[in-house]
Participant: 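Handing you a structure now.
From a predicted model like this one, the values you see are computed outputs, not experimental measurements. To find a chain, count down the sequence lines: A is the first, B the second, and so on, and within it residues start at 1.
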There are 4 protein chains.
Amino acid sequence: MPSQPPATPRKRPQQERSQVTVQAILTAAAHILTEAGYDHFTTNKVAERAGVSIGSLYQYFPNKASLLLALAEHHADQMMQLAKDHLETTGDRSIPEVIRQIVAAAVAAHAVNPKLHLVLHEQVPHSEVMRQFDQAKMENLLRSFLVQQCDQLQPKNLDLTVFMVERTIRALIHGAMTEHPEFLQTGELDQELTALLSAYLLKK
Amino acid sequence: MPSQPPATPRKRPQQERSQVTVQAILTAAAHILTEAGYDHFTTNKVAERAGVSIGSLYQYFPNKASLLLALAEHHADQMMQLAKDHLETTGDRSIPEVIRQIVAAAVAAHAVNPKLHLVLHEQVPHSEVMRQFDQAKMENLLRSFLVQQCDQLQPKNLDLTVFMVERTIRALIHGAMTEHPEFLQTGELDQELTALLSAYLLKK
Amino acid sequence: MPSQPPATPRKRPQQERSQVTVQAILTAAAHILTEAGYDHFTTNKVAERAGVSIGSLYQYFPNKASLLLALAEHHADQMMQLAKDHLETTGDRSIPEVIRQIVAAAVAAHAVNPKLHLVLHEQVPHSEVMRQFDQAKMENLLRSFLVQQCDQLQPKNLDLTVFMVERTIRALIHGAMTEHPEFLQTGELDQELTALLSAYLLKK
Amino acid sequence: MPSQPPATPRKRPQQERSQVTVQAILTAAAHILTEAGYDHFTTNKVAERAGVSIGSLYQYFPNKASLLLALAEHHADQMMQLAKDHLETTGDRSIPEVIRQIVAAAVAAHAVNPKLHLVLHEQVPHSEVMRQFDQAKMENLLRSFLVQQCDQLQPKNLDLTVFMVERTIRALIHGAMTEHPEFLQTGELDQELTALLSAYLLKK
DNA sequence: TATGAATGAGGGTTCATTCAT
DNA sequence: GATGAATGAACCCTCATTCAT
């Protein structure tokens, strides 16, 4: 196993100009990734497209991995924001209702930037790392939502349930995006996913 | 999108000697991938580890991608073989029974070479391509098994069902391998997965 | 300057089968050169196209250069044969007449295999070596013809004259083949070349 | 026919430092070509000899061919400059006078860097490409000079005449450089070439 | 004699990263 | 801070040639 360099942004830009630069870099990175694919994603190209010198890029991102990571995190944040907007809790509801809502939120979240999402998870070498963000945030949201909304749900093992639900949702949405976009457009996926998870949770 | 070079083996070895060479290369490739990770997976290292010249490697694999592909295909074949061994059909059974058997087969298949499996799917750049093999073969097996075993199952859309089941099984096993090995060892995953899919299919 | 390996055919094939093999190799070499260019001219490809093992190729040609050389020599021989056929001397004639005949012979000779001729002289790395053949043989032919036919011609320096005439003819035919094929087809080149050389020789 | 990559310089250097680097590379390239021959002309050796990293070489020359091309162009430019210096027109003169001047200019031009010239035209694989530069520039110069100086010259076909004269001059100088350096040193070549072309043009 | 598997030096090229200006 | 020229380790891959069978 190779030793990884520190992959956190080198400095938190505090001046406005820096913020602009960082944003330009991230935007350029996303563009290149979605338009040209990971194979053409080089730090020099990103800097050029961002209208910034390669030196400046390395001022804010200590290495390539940290840039990718920041992008993944930023993307996950956006997904989370959208998901949360869909989950405004309004009183108690049945489990199918809750599940339907969660599924809808997840589907909506995946629509933020589908191309980037796919490249990040399919082409980037260490997709494991990319997944951390989506996953951790999704799980937290899901856990709190499940606990809060489903008081009739008393799973012996909350972790196991969250794992099952979170993974299933993400895998099926991801799979549909890749191989069966028609399932997404017709709404079949939402329905089937809701059915799958409702049946599962109701039997608990 | 860059155009990919042909990734099929360059020549069918005609002498016995060649077969040995090809095997040595594949074995070495698997070793390096599992022991050092994709970052250290170079064609020269593979050849060296195989005790073969780099020229010999390129005699049988026109480029790096084709070597990876051959490895993935070989691995998928092994998984399928094991899965099939678990699915010897013996008369009619209930859906939960059938599902339990399928899940067990999938779990067993993933135990063929877990390290290699994970590297192939997480570290290798175009994991999409790697997935093709597992997936296509799994889906076929699953489809025929479902049709054959569950005559009470009349899904309006077999494709959709196969998609749901196949993706779910693979995602959860894969996820457990990565993040919750304990779920696999205790058998919790088998149970829960069976419960999940049985509930789903029974409601059809 | 790198030291050159011996570049003469390794053995004179004496059995019929060998002759066939050598011919097959030379033919294949010519095909590849004219169809794919020197960049794709590899000994392995030649052997394959000749339907012969690479080992057999090296049995008759000790290295790549010797193969190229044999090809060049063979081609030069063919050119010479054709040129000679055009130069059947029939009594005394005027210098313009003689020159016209020589030019016609040279043009005809260049039509033997124009594609191969060009590749040999433009793409092959050490065109100097390739040129030796055409040149030496052409010069000899020309010298003897000039001496024999033009007794009114008493150049102080026969070598210089032969050099001037031979080089000029070859350069202009070659140039026309490459850049002005129309000059060849209309016969303009023959005419102009004859005019050029006649004027030159008559003033001697 | 293989498709060629773009062979134009990759970036226009903006700092003075770069100009120095580019010059160093070109100089090193010329040295290696003339001293060791094309067989030893590798990009790594050129960079090393230039005291520059291989990366820097590729910053300014996208590939090996472009370096060769730049060298050929640079060399052609130098030849042209020298030729022009010899062709300062001073009033009307006779055709032999004009021809003598042109021949002298061409001979002088070939003396700029004879070794490099020969390697470029004999050893480099696609000498056709190298020739483009010399040739095109020479032809233009020659055409304008002929038109301007020889108003008594009314060739039906200027293109044909330029072709004849340009090719002949270049071939004979080149040939003399390669095989008969003595013709150049004694001035015999100048004389004979002038005689050849004068006789030709006067008969028009 | 013929085969073709095996060799391996060495080539062209990339790209993450540094650092003098 | 910003720039961009410079770096160089390392990679993928080719192909002339050898030699065991």
Participant: From the list dT17(F), dC13(F), dT13(E), which nucleotide is the closest neighbour of the side chain of N63(C)?
Facilitator: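 Closest nucleotide among those given: dT17(F).
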
Participant: Can you tell me how far CG of L71(D) sits from CD1 of I25(D), rounded to the nearest 0.5 angstrom?
Facilitator: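 It is 11.5 Å, given to the nearest 0.5 Å.
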
Participant: Quickly work out the Y58(D) OH to dT17(E) P distance and round it to whole Å.
Facilitator: 22 Å

Participant: Which whole-number value in Å describes the distance from I32(D) CD1 to dG11(E) C1'?
Facilitator: 14 Å

Participant: Provide, to the nearest angstrom, the distance between the CG atom belonging to L67(C) and the P atom belonging to dC15(F).
Facilitator: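 For the pair L67(C) CG and dC15(F) P, the rounded distance is 15 Å.
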
Participant: For F41(C) and for G55(A), find the nucleotide of DNA chain F with the closest heavy atom, then tell me which residue's nucleotide is more 5'.
Facilitator: G55(A)

Participant: Over how many whole Å does the gap from F61(A) atom CZ to dC15(E) atom P extend?
Facilitator: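 Spelled out: CZ on F61(A) to P on dC15(E) is 20 Å.
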
Participant: Using the side-chain heavy atoms of K64(D), tell me which of these nucleotides is nearest: dC13(F), dG12(E), dA5(E).
Facilitator: dG12(E)

Participant: Check every atom of dA2(E), dG8(E), dA5(E) against the side chain of Y60(B) and return the nucleotide holding the closest atom.
Facilitator: dA5(E)

Participant: Can you find a heavy atom in the side chain of Q19(A) that is under 4.5 Å from one in the side chain of Q23(A)?
Facilitator: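 Q19(A) vs Q23(A): side chains apart.
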
Participant: Out of dT7(E), dA2(F), dT17(E), which has the shortest distance to the side chain of S53(B)?
Facilitator: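 For S53(B), the side-chain atoms sit closest to dT7(E).
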
Participant: Between dA6(F) atom P and Q19(D) atom CD, what is the distance in whole Å?
Facilitator: 10 Å

Participant: dG11(E) P sits how many Å from D39(D) CG, rounded?
Facilitator: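 Value for this atom pair: 11 Å.
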
Participant: Find the distance between CG (L68(D)) and CE (M130(D)) and round it off to the nearest 0.5 Å.
Facilitator: 4.5 Å

Participant: On DNA chain F, compare the nucleotides closest to I54(B) and V52(D); which residue's is nearer the 5' end?
Facilitator: V52(D)

Participant: I want to check one thing: is the phosphate of dA6(F), taken as OP1 and OP2, less than 4.0 Å away from some side-chain N or O of T21(D)?
Facilitator: yes

Participant: Ignoring backbone atoms, establish whether T43(C) has a side-chain N or O less than 4.0 Å from OP1 or OP2 of dC15(F).
Facilitator: no

Participant: Under 4.5 Å between any side-chain heavy atoms of V119(A) and F41(A), yes or no?
Facilitator: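 SC-SC contact between V119(A) and F41(A) ruled out.
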
Participant: Check the phosphate of dA5(E) against S56(B), side-chain N and O only, distance under 4.0 Å to OP1 or OP2. Yes or no?
Facilitator: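 For dA5(E), neither OP1 nor OP2 has a side-chain N or O of S56(B) closer than 4.0 Å.
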
Participant: Find the distance between CG (L26(D)) and CD (E73(D)) and round it off to the nearest 0.5 Å.
Facilitator: 10.5 Å

Participant: To the nearest Å, how far apart are E48(D) CD and dA6(F) C1'?
Facilitator: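 To the nearest whole Å, that distance equals 17 Å.
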
Participant: Can you measure L57(D) atom CG to dG11(E) atom P for me and round it to whole angstrom units?
Facilitator: 14 Å

Participant: In this structure, which stretches of DNA chain E are paired as stems of three or more consecutive Watson-Crick or G-U pairs, both distances less than 3.5 Å?
Facilitator: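 When the pairs of DNA chain E are grouped into runs of at least three, the stems are E:2-21 with F:2-21.
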
Participant: Would you call R131(C) and E122(D) a salt bridge, taking side-chain N to carboxylate O under 4.0 Å as the test?
Facilitator: yes

Participant: What are the two closest non-hydrogen atoms of H117(B) and H121(B), and how far apart are they?
Facilitator: O-ND1, 2.9 Å

